[in-house]
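Here's the structure we're looking at; comments come further down.
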Amino acid sequence: ALPIFIIKSKGVDVMYQQVEEYVKKFQEKYPSYQSEKLGFFSFGDTEKMADELSELVVKKIKTGTSSGYDLYKQENEPLPKVGQLDVVLNGKNEPVCIIKNINVTILPFSEVTKEHAWKEGEGDRTLAYWRKVHAEFFKHAYKEALNIEFTEEKLVVYEEFEVIFF
């Protein structure tokens, strides 16, 4: 989940407005969440990837995600928590659903299981596929953000979630 800040750009202002309106509809339908602070994010690092992965979430094929533990520390961002709510955005930064974390696990990349890979819902859903694409993704992200090499001993934050609102 990303912190909300005001950026002076017409496109960004529109995105925030869409997210706020989406959250308002959710809170009107589910008043018990009125006081909840929701984050928002898109999966992946390209518009195409965000579209593909958000579609898998909406179809309830993708019920898990993983991110680099060290990247949270670098951004001084809090780690995800069980019960956390987030608005998932597509590649055009439009809200597509709201998810709720039901489990958060921190483990070495090398210990991610075939069950984790299956829940991520990507590709053929195998552990081999998961390892290949995530190693590539993390190698790039760690080099870009931290200027360090990503290894299989690095910790990942694995979140399991459920869609609670479309």
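- The 12-atom threshold is exceeded at CG of Asp124, counting heavy atoms of other residues, nucleotides or ligands nearer than 6.0 Å.
- Taking hydrophobic clusters as Ile, Leu, Val, Met, Phe, Trp and Tyr residues chained together by side-chain heavy-atom distances below 4.5 Å, Trp118 does not share a cluster with Val57.
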Evaluation steps, side chain to side chain donor-acceptor pair (under 3.5 Å), between Ser66 and Glu120: CA-CA 8 Å; Ser66 50; Glu120 290 230 13; 2.7 Å; yes
Identify every side-chain donor-acceptor pair in residues 29-36 under 3.5 Å, counting partners at least two apart or on other chains, and give the distances.
{"residue": "Tyr33", "atom": "OH", "partner": "Lys100", "partner atom": "NZ", "Å": "3.4"}
{"residue": "Gln34", "atom": "NE2", "partner": "Gln27", "partner atom": "O", "Å": "2.9"}

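- Applying the ring pair (Phe, Tyr, Trp, His ring centres under 6.0 Å) rule to pairs touching residues 80-104 yields nothing, sequence neighbours excluded.
- A salt bridge (Lys or Arg N to Asp or Glu O under 4.0 Å) check over residues 129-141, counting only residues at least two apart or in different chains, returns the pairs Arg131-Glu152, Lys132-Glu136.
- In this structure, Phe150 shares a hydrophobic cluster with Leu71, Leu107, Phe109, Val112, Leu127, Trp130, Phe137, Phe138, Tyr142, Leu146, Ile148, Val156, Tyr158, the cluster being traced through Ile, Leu, Val, Met, Phe, Trp and Tyr side chains under 4.5 angstrom apart.
- The aromatic ring centres of Phe165 and Tyr22 sit less than 6.0 Å apart.
- Neither Val82 nor Ile102 shares a network with the other; the hydrophobic side chains, linked directly or stepwise wherever heavy atoms of I, L, V, M, F, W or Y lie under 4.5 Å apart, form separate groups for each.
- Taking the charged nitrogens against the carboxylate oxygens, Lys24 and Glu20 have no contact shorter than 4.0 Å, which rules out a salt bridge.
- Residues Ile61 and Tyr129 do not share a hydrophobic cluster, defined by chaining ILVMFWY side chains whose heavy atoms lie under 4.5 Å apart.
- Both Ile106 and Tyr72 belong to a single network of hydrophobic side chains, linked directly or stepwise wherever heavy atoms of I, L, V, M, F, W or Y lie under 4.5 Å apart.
- In this structure, CG in Leu155 is found 12.0 Å from OG1 in Thr105, a value given to the nearest 0.5 Å.
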Derivation of the salt bridge (charged side-chain N to carboxylate O under 4.0 Å, His left out) call for Lys62 and Glu122: CA-CA 7 Å; Lys62 180 173 182 60; Glu122 300 169 32; 2.8 Å; yes
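- Residues satisfying the salt bridge (charged side-chain N to carboxylate O under 4.0 Å, His left out) criterion with Lys59, sequence neighbours excluded, are Glu55.
- When each of Lys114, Arg125, Glu160 is paired with Lys119, the side chain to side chain contact (heavy atoms under 4.5 Å, CB included) condition holds for Glu160 and for no other.
- Judged as a salt bridge (charged side-chain N to carboxylate O under 4.0 Å, His left out), and not counting sequence neighbours, Lys60 has no contacts.
- Atoms CD and OG1, from Glu159 and Thr63 in turn, are 12.0 Å apart once rounded to the nearest 0.5 Å.
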